[in-house]
4 protein chains.
Amino acid sequence: MSPSPERREELLATAAEVFAAQGYNATTVRKIADEAGLLAGSLYYYFDSKESMLDEILSGFLTELWARYDAVLGTDLGPRETLEALVTESFREMDQRRAAVAIYQRESKHLQNQPRFAFLVESQKKFEKAWLGTLERGVAAEVFRADLDIRLTYRFLRDTVWVAVSWYRPGGQHSPEEIARQYLSMVLEGIALRE
Amino acid sequence: MSPSPERREELLATAAEVFAAQGYNATTVRKIADEAGLLAGSLYYYFDSKESMLDEILSGFLTELWARYDAVLGTDLGPRETLEALVTESFREMDQRRAAVAIYQRESKHLQNQPRFAFLVESQKKFEKAWLGTLERGVAAEVFRADLDIRLTYRFLRDTVWVAVSWYRPGGQHSPEEIARQYLSMVLEGIALRE
Amino acid sequence: MSPSPERREELLATAAEVFAAQGYNATTVRKIADEAGLLAGSLYYYFDSKESMLDEILSGFLTELWARYDAVLGTDLGPRETLEALVTESFREMDQRRAAVAIYQRESKHLQNQPRFAFLVESQKKFEKAWLGTLERGVAAEVFRADLDIRLTYRFLRDTVWVAVSWYRPGGQHSPEEIARQYLSMVLEGIALRE
Amino acid sequence: MSPSPERREELLATAAEVFAAQGYNATTVRKIADEAGLLAGSLYYYFDSKESMLDEILSGFLTELWARYDAVLGTDLGPRETLEALVTESFREMDQRRAAVAIYQRESKHLQNQPRFAFLVESQKKFEKAWLGTLERGVAAEVFRADLDIRLTYRFLRDTVWVAVSWYRPGGQHSPEEIARQYLSMVLEGIALRE
DNA sequence: AATGAATGAGGCTTCATTCAT
DNA sequence: GATGAATGAAGCCTCATTCAT
């Protein structure tokens, strides 16, 4: 009737790892099962379908991410501090759910058309609102440059953070906080030397 | 006996468009054929396999890109100017081969293990050498900041440029050169307002 | 060690209901278990297999039916009265084991090839003998028409009775005896008005 | 693009034969393919799914049947003659599409819930209307008995005809017309000898 | 150059059944 | 008596590819 949640979580983590490594489409259910040490059919004791695994992985990730973001946005920080906090939380999430982030990065665009994954579009919108709002506040408060196309800046920031998942490995040399610091330094101050 | 190169090129462009839109794995040969107005089997008059289409698309893209890069690197530009030129050429290439770039972005990582796509690894190495070299020259010449992890900076730059393919549409509001200018401005000077 | 016969009977009734509603093949063991309020695997404490449930349902039905028929045939009734009694007993059985009859109707033909269900063929033969004999006696005694193909008449009678299971619902408007009376009236006298 | 209609028809006939022999659920796509002399996957060049084969078989049958019935009902026949014509056409259809009729008999009830097979319900309704109407006309015109439950008579007639598919073999001893004549004789006049 | 038809491998999923607890 | 978890066989379907015409 109700399989143990712990085992589900384990299997979901395995699936996420494989999806991230090979891409969702290229991943066979059999491969996931092999990796998890059971037979392909047995996965269906825990999940309805391959797609529902993907669904849970992505919605789980977004739920957690938004808990982080909402905590930041609920505080009364200035625009620069907000931006710094959002970036830092993003890297922390990437540190904890690397696979999910990688899957999100690779698949979310194609998935958005399917009704089942409508929540991706929702999240996308909230995302844009939060970041654009912060940037606008920053321009108004004269802490961010006013001469940049703000939507371009938004995309630049958003992508620059998340694309890092392509090379980031949890437990590596740099902590997520350190990477966030360096990224923020580049993004905010630029890489050119100032005189 | 030998199919016309023009028709091949046409079909390849169609294939690239579909691969970019749906992902390589999720694209069926039939879908490409539909889009091109012939039957799936007929594509095999022009190409050995689905994979060989992908191969040609990616290698064609890299060949052209390296023609651009080599032209820049062959000139005697300073580090900052080199970086500016490389970024600009990248956006120009993206403008001309959007589909190929999108495919490269999405698939190249998974493809690198296959012997057939070894050229991706080669390119990757040359890429790294060119960019890292430029950055190092810049640090030495005191035009780039010395306090940044240079590999991190490299990845940041590389990704930040190419990931733009996810939203860039040729023929849109901004020319590739303009986008390059704004990106360079952000990357070099930062988005924070200076006093 | 040995499961209670009452519980078995209960479960068998549930299984019969589901088999009748959905067809044997389309019925999953899980569905039966759901309906009975336990898990699929638990059914195997009571029964060897899904097939053995079917077996018991059908042989139980035929055993009871033949008890009825034999009671009729053992009596010294005339052909017309015998026929009336057989039809009436058939409707009574249908009233008491609707599900089993429906399953028999739908599945017995396909099952007859399997050795396990050889008893279906046996029953079929006895059936034919009883009905055909009665009809022949009736023709000889000049109570049934002599101008009809007797095998055709047999099939007509047999099917006309049992196919009623497709719409008959126990506890409905008409008692089995009443339905038997009407059917017999139609079959014996015809539906055309006589002058 | 568009496979030859002749081949489709052939394959459909094969499928119908197998469905009729083993039941829809118990029939594997592989079995149909074996019987037709190709591989299971090849069937999908002609049909979308196993279910769509069933759909075509049943709707093809009903379309043809209704052509027959409508021709009869369009003529200005008396109730008895109408009934005779309908029964005769039914046996003719059974003669020409035995397999389809057998499938209809066995599966239509379970199928009626699925939206895809809503046409079965439609047909059922038209069916009932045509037969009930004829019976009522006959009672009014005093050619059919008035003392029978008319719905019971309808079911009796309907089932008695169609259930014959369980033993009828085209090309056998009796022509469909002859069987119709005998059935009508039994149904109209009864099997009891009159004095 | 292209079609129509078929192949065969492999993918996702279902399900009767088993068994330790 | 019953559960939870797993097995393994089999089913439907997809799809890259082939090939005679």
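In the text below, chain A, chain B and the rest are named by the order of the sequence lines, each starting its count at 1.
- Minimum atom distance to the side chain of D:Val29 is reached by F:dC12, of the listed F:dC12, E:dA5, E:dC12.
- Across the protein-nucleic acid pair, C:Asp34 atom CG and F:dA2 atom P stand 15 Å apart, rounded to whole Å.
- Rounded to an integer number of Å, the gap from CD of D:Glu6 to C1' of E:dG4 is 13 Å.
- In this structure, the side chain of C:Ser52 engages the main chain of C:Ser49 through a donor-acceptor pair within 3.5 Å.
- Atom CD of D:Glu51 and atom C1' of F:dG11 are 15 Å apart (whole Å).
- Applying the 4.0 Å criterion to OP1 and OP2 of E:dT17, one finds that C:Arg30 has every side-chain N and O outside that range.
- Nearest-nucleotide positions on DNA chain E for D:Leu43 and C:Tyr24 put D:Leu43 closer to the 5' end.
- Sorted by first and then second residue, the salt bridge (Lys or Arg N to Asp or Glu O under 4.0 Å) pairs with a member in residues 45-54 of chain A read A:Glu51-A:Arg116; sequence neighbours excluded.
- Side-chain atoms of B:Thr28 lie closest to F:dA16 of the nucleotides F:dA6, F:dA16, E:dA5.
- Taking atom CG of B:Leu39 as the reference point, atom P of F:dC19 lies 18 Å away to the nearest angstrom.
- Without hydrogens or angle criteria, C:Arg30 side chain to C:Ala40 main chain gives no donor-acceptor distance under 3.5 Å.
- Among the nucleotides F:dT17, F:dC12, E:dA6, the one closest to the side chain of D:Lys50 is F:dC12.
- Side chain of D:Ser42, nearest nucleotide from E:dT7, F:dT17, F:dT14: E:dT7.
- Rounded to a whole Å, the CG atom of C:Asp48 is 13 Å from the C1' atom of E:dT18.
- Summarising the geometry, the separation between CZ on D:Phe47 and P on E:dA5 is reported as 12 Å, rounded to the nearest angstrom.
- Panel note: side chain C:Thr63, backbone C:Ser59; a donor-acceptor pair is recorded below 3.5 Å.
- Closest to the A:Tyr44 side chain, of the nucleotides E:dT14, F:dG8, E:dA5, is E:dT14.
- With D:Lys31 contributing its side chain and D:Gln22 its backbone, the two residues share no donor-acceptor pair below 3.5 Å.
- For A:Arg7, the side-chain atoms get nearest to F:dA6 when compared with the rest of E:dG8, F:dA6, E:dA6.
- Distances shorter than 4.0 Å separate none of the side-chain N or O atoms of B:Tyr45 from OP1 or OP2 on E:dA2.
- Per the geometry, CG belonging to D:Leu54 stands 12 Å off P belonging to F:dC13, to the nearest Å.
- Counting any heavy atom pair closer than 4.0 Å across all strands shown, D:Leu38 reaches sugar-phosphate atoms only and no base atom.
- In terms of position on DNA chain E, the residue among B:Gly41 and D:Ala40 whose nearest nucleotide sits closer to the 5' end is B:Gly41.
- Between the B:Arg106 side chain and the A:Arg106 main chain, a donor and an acceptor come within less than 3.5 Å of each other.
- Under the 3.5 Å distance criterion, the side-chain polar atoms of B:Glu35 are left unmatched by any main-chain donor or acceptor of B:Val18.
- For the strand DNA chain E, secondary-structure stems (runs of at least three Watson-Crick or G-U pairs, all distances below 3.5 Å) span E:2-21 with F:2-21.
- Nearest heavy-atom pair across A:Ala20 and A:Ala102 is CB-CB, 4.0 Å.
- At least one side-chain nitrogen or oxygen of B:Tyr46 sits closer than 4.0 Å to the OP1 or OP2 atom of E:dA2.
- Protein atom CG of C:Asn25 is 15 Å distant from nucleotide atom P of F:dA10, rounded to whole Å.
- Contacts of D:Ser52 with the nucleic acid, taken as non-hydrogen atoms under 4.0 Å apart, are absent.
- Side-chain nitrogen and oxygen atoms of B:Ser49 include none within less than 4.0 Å of the OP1 or OP2 phosphate oxygen of F:dA16.
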